[in-house]
Every structure is written in C-alpha cells, then in structure tokens.
Number of protein chains: 2
Amino acid sequence: MDASKILGNHQLRSTAIRRNVIEFILNEGAAVSHQDIEKALPQADRVTLYRTLATFEEKGILHQVLDDESVKKYALCGTDCGGGHHHDDHAHFKCEKCEETVCLDEVSIPAVGLPVGYSRTSANLLIMGTCRACA
Amino acid sequence: MDASKILGNHQLRSTAIRRNVIEFILNEGAAVSHQDIEKALPQADRVTLYRTLATFEEKGILHQVLDDESVKKYALCGTDCGGGHHHDDHAHFKCEKCEETVCLDEVSIPAVGLPVGYSRTSANLLIMGTCRACA
DNA sequence: ACAATTATTGCAACACTGTTGCAAATATAC
DNA sequence: GTATATTTGCAACAGTGTTGCAATAATTGT
C-alpha cells in the first residue's frame, strides 16, 4: 500500500506532508496521536497536521480510536471505510505496559441488550490489559 | 442518598463545593464533564473543581466515562467501587440527539476473544445511538 | 512545458483545558 | 474554642485545538 495511491483514491492532492503522515502511520502499526506525528515530523506545521488529520478522517482514510487519556488517536481505516461513513466496528486494545493502542480488526464489537427505547448506530470498545509483546 | 453522607463514607471533609458537586451529579442523571460542573457552579474555582473531581475519582465516588469527544466525563460509581479500585465494567450510552451520556449499569461489557498473548484487565464500551427520550 | 485554477500550507493570534506552588481559609478533633 | 490538617482560591504556566489570511504548491487544460 503506497501513500500517494491512498491519497489519489480519496481525491486528495499528493503533498509531502500528507505522504509523510500516511507513511508514519503505516510504519507505526499502533494508533497515533497528533503529538506522535508532530514529534515524528518536526518540519511540519502543527496546524497543518491538525487539518491533515481532520481531512483524512473526513475522507475515510483514518478513523478515531477512543483512548483512556483524553487525547485523540487515529488509525488507518480498513478498505470498507468510505468518505464520511466509517465502518470501524472493531475493538481496540491498549497495553498498559507499552501504552500502545492497536486495532483488533478481527474482534468485532458484540451486540449487547440495550434497554427498551434505545437504539444503536455505532459503538466503541476499548480493552485494556497486556499485549503479547509485554506479557 | 445524601451528599455529606457520601463524603463521610469516603473519609472526605464535607465542604460546600463538594456537596454541590455531588448534588449536581445526582440530579443530572447523565455523565458530566468538568465544564458542565463549572457552568452549574460558577462560584466555584476552576482549579478546585479539577481537584475535587480527581479526589472523588481516587476515593471511588466517581468513575470516568469514555466519551467520543476528548473531554473527560464522570459518573457516580456504584456501591462496589472502593478507593482506587473501580468496578465499572458496565457499558455507557451516548445519545446522538440530546448528547447525554448515561451509564447502562445493567449492561456489562461482554468478554471477547482476544488474540493469543493478549490479556484483559479492564474495558470500556461506549455505544452511540438514540436514547428512549429522543427516539 | 506553461499559465490558470484550486487546494494546501504556514503563520499569527487566540480560546480552552488542565496543572503546580503557595498563602489564606475552613472543617474536624480535642 | 483552639490546634491541626485539609481544602480552597489565586496567579502563573504548559499543552491542545481552532480560525483567518496570505503565500505556496499541486493539478488541469492547453
């Protein structure tokens, strides 16, 4: 998977910053925060990164990952995420030792019995514990 | 359930601000943010509220609720939350219309099959959709 | 390859969120 | 009521995220 191709597929211009952001996330494997990216790409403007992340989320390249701290984290969307419509109904796992958050793409969020009158449109499941590398 | 009693049960001094915070949350029904409290109690100092929330969380009076925005929200703990040890393994529901987040105390977070090598210590489940009042 | 067009970037400035240190005030215990 | 330890309020600060606008760079068509 190549960065400029991803950009092209989503009607976005292929700029150095955007390619760098995508490549960084691809290499990282875990969900990243704005701050992670800022550290990895010190030459890029803070504001531009905020806008880049917002754009990527809109276009369906990234989805937000709920984290227990209150900083937003992002991960690459699966192939079924179109513009605006995110289908990231999978769980996320945060290791308490290495602090990395990863997508558990194969773990879908189970349906739970909601009280009468409640209906579900989406859900976020964040599991905390120890990952394989830290066990 | 009375505010000074809750404070007494947790070895905390019964001050006006603390009682007001607890009463506000009791009346609110939904999970509240620092900002919600600040608006409701304009006479209270911002910093004091931050410290009050932190203290309540430590002592097991409140637990954090994961929210899809990146502001922390808090709800009253059930009776089984001792100091430090939170047993809030229930789901939370956020209504997309009224924006209220409530605890679904009766809905526990289901166990999911984790990849080999991963172990779970806790989990957060946030379900989004429409609540009964907005349906 | 070049100009015109449109999207993207960088900067300045700002509002909001959360934290720390310290002195003054207040709740409890005696 | 006084002593003691906790809690509060203030000032000051660091970090996070946003907006407006001018400068810059990527595409489109020729």
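Computed from a prediction, not measured in an experiment: that's the story for all the values here.
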Are the side chains of [Y] and [X] in contact, using a 4.5 Å heavy-atom criterion?
{"X": "L104(B)", "Y": "H90(B)", "answer": "no"}
{"X": "Y118(B)", "Y": "I127(A)", "answer": "no"}
{"X": "L126(A)", "Y": "F93(A)", "answer": "no"}
{"X": "T52(A)", "Y": "R18(A)", "answer": "yes"}
{"X": "N20(B)", "Y": "Q43(B)", "answer": "yes"}
{"X": "K94(A)", "Y": "V102(A)", "answer": "no"}

For each nucleotide in nucleotides 22-30 of chain D, reading 5' to 3', give B when a protein heavy atom comes within less than 4.0 Å of its base, S when such contact involves only the sugar-phosphate, and - otherwise.
----BS---
What does the B/S/- profile of nucleotides 11-16 of chain C look like, 5' to 3', with a 4.0 Å heavy-atom cutoff to protein?
BBB---
Would you mind reading off the distance between [X] atom [atom1] and [N] atom [atom2], rounded to a whole angstrom?
{"X": "L7(B)", "N": "dT26(C)", "atom1": "CG", "atom2": "P", "value": "18 Å"}
{"X": "L49(B)", "N": "dT17(C)", "atom1": "CG", "atom2": "P", "value": "13 Å"}
{"X": "N20(A)", "N": "dT9(C)", "atom1": "CG", "atom2": "C1'", "value": "14 Å"}
{"X": "E38(B)", "N": "dG9(D)", "atom1": "CD", "atom2": "C1'", "value": "13 Å"}
{"X": "I17(B)", "N": "dA25(C)", "atom1": "CD1", "atom2": "P", "value": "15 Å"}
{"X": "L53(B)", "N": "dT8(D)", "atom1": "CG", "atom2": "P", "value": "11 Å"}
{"X": "H10(B)", "N": "dT6(D)", "atom1": "NE2", "atom2": "C1'", "value": "18 Å"}
{"X": "R18(B)", "N": "dT28(C)", "atom1": "CZ", "atom2": "C1'", "value": "12 Å"}

Does Y50(B) have a side-chain nitrogen or oxygen under 4.0 Å from the phosphate oxygens OP1 or OP2 of dG18(C)?
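The answer is yes; a side-chain N or O of Y50(B) sits under 4.0 Å from OP1 or OP2.
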Rounded to the nearest 0.5 Å, what's the gap from CG on L7(B) to CD1 on I61(B)? Could you check?
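With rounding to 0.5 Å, CG (L7(B)) is 5.5 Å from CD1 (I61(B)).
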Roughly how far, to the nearest 0.5 Å, is CD of E57(B) from NE2 of H63(B)?
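Nearest 0.5 Å value for the NE2-CD distance: 9.5 Å.
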Should the pair Y50(B) and H34(B) be assigned to parallel (<30°), tilted (30 to 60°) or perpendicular (>60°) ring geometry?
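Ring orientation, 0 to 90° scale: parallel.
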